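Protein chains get the first letters and strands the later ones, always in sequence-line order, with residue 1 at the start of each. Model, not experiment: these values are computed from the prediction.
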Amino acid sequence: MPASLQIPLTPPQSEQVLRRQAEALAGYSLGELAALAGLPVPDDLRRDKGWIGVLLEMWLGASAGSKPEQDFAAIGVELKTIPIDSSGRPLETTFVCVAPLTGNTGVTWESSHVRHKLQRVLWVPVEGERQIPLAERRVGAPLLWSPSPEEDEQLRRDWEELMDLIVLGQVERITARHGEVMQLRPKAANSKALTEAIGASGEPILTLPRGFYLKKNFTGALLARHFFSPENK
DNA sequence: TATTGATCATGT
DNA sequence: ACATGATCAATA
């Protein structure tokens, strides 16, 4: 390992600096990056589901772990690590943000939390197959991405469909099958965590907190477009 | 075996 | 309870 690889002391102040650091990490294993950072590698992710994300945040100089703002607030960029298989296809959906179940009068796609979150994303693929020991999984080449007009339109359609159902008191009839590229699924500590929502007759009800997730077809396509057609980047 | 619904850790 | 970071694992 060259001594040139270092954890940033301050957050990146430009996309170029961020991109270069992300590119410098490509090819390293999680074990190497953890050792250089002085972090222990868990045996598996069962009780450390966010470990890879936190490790990459450190290496990229993200502002802070659990603040409700973009990872790179100064330059308006969100970081997403994404587990991929040996063909570069996503192994998991990607969490975007929690869905607002009340107080949605007047909210539009343009003003939505989803659209804001996805305005600019640094995707960092990481080998994610469970047969590969965690420490041996390697970081892939990064992609700085913004939604194309077509992608924005796909997301808008799904967002509007899902939000319509939420506003109309149908949240408990929504399943993960709704949405072509973005879905709504539980996002909670467990199935006993409840939050307020609108019932079928407009009355307040308690239901599971939900989150918006990008489906694998969507993230798979945007990664593929980049890696098979680099002229599009 | 791919997907949906459930879950884990930590900090505010 | 909700935000951050996501993956697990039962089941269709």
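Distances shown here put every side-chain N or O of A:R47 at or beyond 4.0 Å from the OP1 or OP2 atom of B:dT7. A:R46 has no side-chain polar atom (N or O) that falls below the 4.0 Å cut-off from OP1 or OP2 of C:dC8. Dashed line: the shortest gap from a side-chain N or O of A:T81 to OP1 or OP2 of C:dG5 is not under 4.0 Å.
Following rounding to the nearest Å, A:K80 (NZ) and C:dT4 (P) show an atom-to-atom distance of 8 Å. For the pair A:E92 CD and C:dC8 P, the interatomic distance rounds to 7 Å; values are reported in whole Å. At whole-Å resolution of the value, CD1 in A:I82 and P in C:dA6 are 10 Å apart. With rounding to whole Å, A:N217 atom CG is found 15 Å from B:dA2 atom P.
Exactly one of A:E15, A:Q70, A:E78 qualifies for a side chain to side chain donor-acceptor pair (under 3.5 Å) with A:R120. That residue is A:E15. Exactly one of A:Q119, A:E151, A:H226 qualifies for a side chain to side chain donor-acceptor pair (under 3.5 Å) with A:W145. That residue is A:E151.
Looking at A:L79 and A:W123, their side chains never come closer than 4.5 Å, going by heavy atoms from C-beta outward. Side-chain atoms of A:I52 and A:L30, non-hydrogen and from C-beta on, do get closer than 4.5 Å to each other. Contact annotation: the side chain of A:R210 approaches that of A:V171 to within less than 4.5 Å [non-hydrogen atoms, C-beta and beyond]. Contact check for A:V54 versus A:W51: no side-chain heavy atoms found under the 4.5 Å cut-off.
When heavy atoms are screened at a 4.0 angstrom cut-off, A:R130 is found touching base atoms of the nucleic acid. Across all strands, A:I52 comes closer than 4.0 Å to no nucleic acid atom at all (heavy-atom distances). Using a 4.0 Å heavy-atom criterion, one finds that A:K215 contacts no nucleic acid atom at all. Contact annotation for A:G53: backbone-only contact, meaning every heavy-atom pair under 4.0 Å involves sugar-phosphate atoms and none involves a base. Across all strands shown, A:E78 has heavy atoms under 4.0 Å from sugar-phosphate atoms exclusively, and none from any base. Counting non-hydrogen atoms under 4.0 angstrom, A:L91 reaches nothing in the nucleic acid.
Side-chain atoms of A:K49 and base atoms of B:dT7 include a donor and an acceptor less than 3.5 Å apart.
The number of heavy-atom neighbours closer than 6.0 Å to CD of A:E180, taken from other residues, nucleotides and ligands shown, is 12 or below. A:H116 NE2: 12 or fewer foreign heavy atoms inside a 6.0 Å radius. Remark: A:D43 CG is loosely packed, at most 12 non-hydrogen atoms of other residues, nucleotides or ligands lying under 6.0 Å away.
For A:S63 (side chain) and A:D71 (main-chain N/O), a donor-acceptor pair under 3.5 Å exists by modelled atom type.
Residues from residues 93-103 of chain A placing a heavy atom under 4.0 Å of any atom in DNA chain C, listed by number, are A:T93, A:F95, A:V98. Within residues 168-193 of chain A, the residues having any heavy atom closer than 4.0 Å to DNA chain B are, in order of number, A:T175, A:A176, A:R177, A:Q183, A:R185, A:P186, A:K187, A:A188, A:A189, A:N190, A:S191.
For the helix from B:dT1-C:dA12 to B:dT12-C:dA1, the terminal axes (five pairs an end, C1' atoms, rotation from four pairs onto the next four) enclose an angle of 30°, given to 10 degrees.
A salt bridge links A:R156 to A:E160: one of the charged nitrogens lies within less than 4.0 Å of a carboxylate oxygen. Taking a cutoff of 4.0 Å between a charged side-chain nitrogen and a carboxylate oxygen, A:D158 and A:K215 do not qualify as a salt bridge.
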